[in-house]
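Right, one structure below, let's go through it.
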Amino acid sequence: MPPEPRRRPSRRRLGTLAAALAVFAGALTGSPTAAVPAPADRAAAPAATAPGSVPEDLRDPRDLGAHVFRGRAFDTCHTPSRAAMSAWRASPYRAVGVYFAGRGRACAEQPNLTASWLRDVHRTGWRVLPLYVGSQSPCVTAGNKHHVRIDPARPRGQARAEARDAVHSARALGMAARSAVYLDIEHFRGPTACERTTLAYIRAWNKEVRRLGWFPGLYSSANSGIRVIEQARRAGLDGLPSMIWVARWRTGPSLYGEPRVDPAAWRPHRRLHQYAGMVAERHGGKRMVIDRNVVDAPVAIMGPRT
C-alpha cells in the first residue's frame with residue numbers, strides 16, 4: 001500500500017527521513033529491457049516498513065542479483081526441440097516456460113531438456129522461466145493430480161524437501177544461484193482447512209528456496225493460489241513468493257489488471273500473467289500448442305559450463 005501521509009518533520013528527523021526516501025526511490029528505479037503492455041506499470045510501489053530499510057520482498061530484484069525479463073513468453077508441456085526454438089525466433093515470444101522438475105509434472109518425460117539445451121537456447125537469445133510442479137493442494141480439482149497431494153500432517157516438511165529438490169534439479173541443468181524458480185500450484189477448491197494446508201506448504205517452500213539463495217515464485221490460478229497468497233500478504237504473513245504468476249485465461253495480457261491482487265503490490269518486476277491456454281501457433285514453419293504469457297519478472301541465470 002502507499003506510504004501514510006506524514007507531518008512536516010522536525011530538523012533532527014530530516015536526515016533519517018532523507019535516507020528513507022532515498023532507499024525507497026532506489027527501489028522504484030530501473031530501465032526495462034523490453035516493452036510490456038501494462039498501462040499501470042508506473043504506479044507507486046509499497047513503502048518500506050521502517051525508515052532507512054527496504055524488506056527483501058519490496059526491493060527491485062535486480063538489486064539482489066536477479067536477471068529480469070520483460071516481454072512475451074510461452075510455455076508448453078514438453079520442452080521444445082532446438083529446431084523448434086530456432087524457428088520460433090520468428091515469433092513475438094522471447095522467453096519460454098520449462099517444466100523442469102517435480103513429482104506432479106503432467107509431462108514427466110522431457111527428452112529435450114538438458115543442460116546443453118538450456119545453454120544453447122539462452123545463447124540464441126531466449127530467456128527461461130523454470131517451473132517446478134511438486135505436491136499439490138489436498139483439494140486440487142484436477143483428477144490427474146490427486147496422487148501427488150500435499151500430506152496435511154506435514155506440509156512444511158514436505159515443502160522444504162521439495163524446495164531442496166527444485167534447487168538441486170535446477171543446478172543439475174546448469175542454472176545458477178539468484179535464478180527464479182516458480183512453484184506450480186494447480187487450481188484447488190475446498191474448505192478453509194485445505195487452504196491453510198496449501199498456504200503452509202507454499203510459504204515453507206518459498207522460505208527454503210530463498211534460504212538457498214534463489215528467487216521463489218508462485219504460479220497458480222487467480223481464483224485459488226493467487227487469491228490465497230494475496231490474502232496472506234494483506235495479513236502481513238511472511239514466507240511470501242518473490243513473484244506471482246497469475247493464471248487467468250480468456251482475457252487480454254495485463255500485468256497489473258488482476259482484480260484479485262492489489263495493483264500496488266508485487267512490484268517492481270515481480271509479476272507474470274498467463275492470459276491464454278492451449279492455443280496452437282505456427283512460427284518459422286513449426287507448430288506448437290502453447291500457453292501465452294506476459295512477463296516482468298526474474299528468469300533463470302545460466303552458470304558457467306562445467
Side-chain angles (χ1 to χ4, degrees), residues 1-3 24 27-47 57-62 66 68-76 91-97 127 129 131 141 180 182-189 195 198-199 202 206 215-237 240-279 281 290-299:
M1 61 183 66
F24 177 58
L28 298 178
T29 59
S31 300
T33 58
V36 173
D41 197 28
R42 297 185 181 274
D57 285 352
L58 299 183
R59 279 185 280 176
D60 187 326
R62 296 172 300 180
V68 167
F69 170 78
R70 303 189 74 208
R72 305 285 179 140
F74 75 93
D75 65 273
T76 187
S91 76
Y93 305 104
R94 287 298 177 267
V96 58
R127 296 300 173 256
L129 297 160
L131 286 144
T141 58
Y182 292 88
L183 176 64
D184 182 332
I185 295 291
E186 293 295 312
H187 181 62
F188 58 88
R189 182 173 56 249
E195 292 192 356
T198 307
L199 179 60
I202 294 170
N206 292 334
F215 285 96
L218 174 66
Y219 165 90
S220 194
S221 165
N223 293 321
S224 56
I226 298 301
R227 172 181 58 81
V228 167
I229 208 68
E230 172 66 358
Q231 289 172 347
R233 185 196 65 80
R234 295 184 184 192
L237 299 184
L240 300 180
S242 295
M243 302 80 65
I244 56 169
W245 189 339
V246 182
R248 184 182 288 280
W249 294 2
R250 294 177 290 277
T251 184
S254 176
L255 289 170
Y256 299 100
E258 170 51 50
R260 290 283 190 183
V261 181
D262 185 338
W266 310 103
R267 292 172 177 264
H269 310 302
R270 295 179 182 272
R271 290 213 199 187
L272 310 88
H273 176 209
Q274 186 181 86
Y275 59 93
M278 301 299 290
V279 294
E281 292 191 25
I290 65 165
D291 301 331
R292 295 169 176 161
N293 306 271
V294 63
V295 179
D296 180 10
V299 294

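Just so it is clear, the values below take in all heavy atoms, side chains as well, and ignore hydrogens, waters and symmetry mates.
When R189, H187, E195 are each tested for a side-chain hydrogen bond (donor to acceptor under 3.5 Å, both in side chains) with S224, only one passes: H187.
In this view, R94 satisfies the salt bridge (charged side-chain N to carboxylate O under 4.0 Å, His left out) rule with no residue, not counting sequence neighbours. Evaluation of the side chain to side chain donor-acceptor pair (under 3.5 Å) rule for T198 yields S137 as partners, not counting sequence neighbours. Shown here are the side chain to side chain donor-acceptor pair (under 3.5 Å) partners of Q231, two or more places apart in sequence or in another chain: there are none. In terms of the side chain to side chain donor-acceptor pair (under 3.5 Å) criterion, residue partners of D75 (sequence neighbours excluded) are, by chain and number, Y99, Q274, N293. For R234, the salt bridge (charged side-chain N to carboxylate O under 4.0 Å, His left out) test picks out E230, with sequence neighbours left out.
Checked by atom type and distance alone, the side chain of D184 never pairs as donor or acceptor with a backbone atom of S220 at under 3.5 Å. Of the possible donor and acceptor atoms, one in the side chain of R271 sits under 3.5 Å from a partner among the backbone N and O of L255.
Listed by first then second residue, pairs satisfying salt bridge (Lys or Arg N to Asp or Glu O under 4.0 Å) with a partner in residues 250-261 read R248-E258, not counting sequence neighbours.
Counting only N and O atoms by type, the side chains of H273 and S254 include no donor and acceptor under 3.5 Å apart.
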Quiz item: Do D291 and F74 pass the side chain to side chain contact (heavy atoms under 4.5 Å, CB included) test, and can you show the C-alpha distance, the side-chain angles, and the key distance before you say yes or no?
Solution: CA-CA 6 Å; D291 301 331; F74 75 93; over 6 Å; no
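Between Y256 and D296, some side-chain heavy-atom pair lies under the 4.5 Å cut-off.
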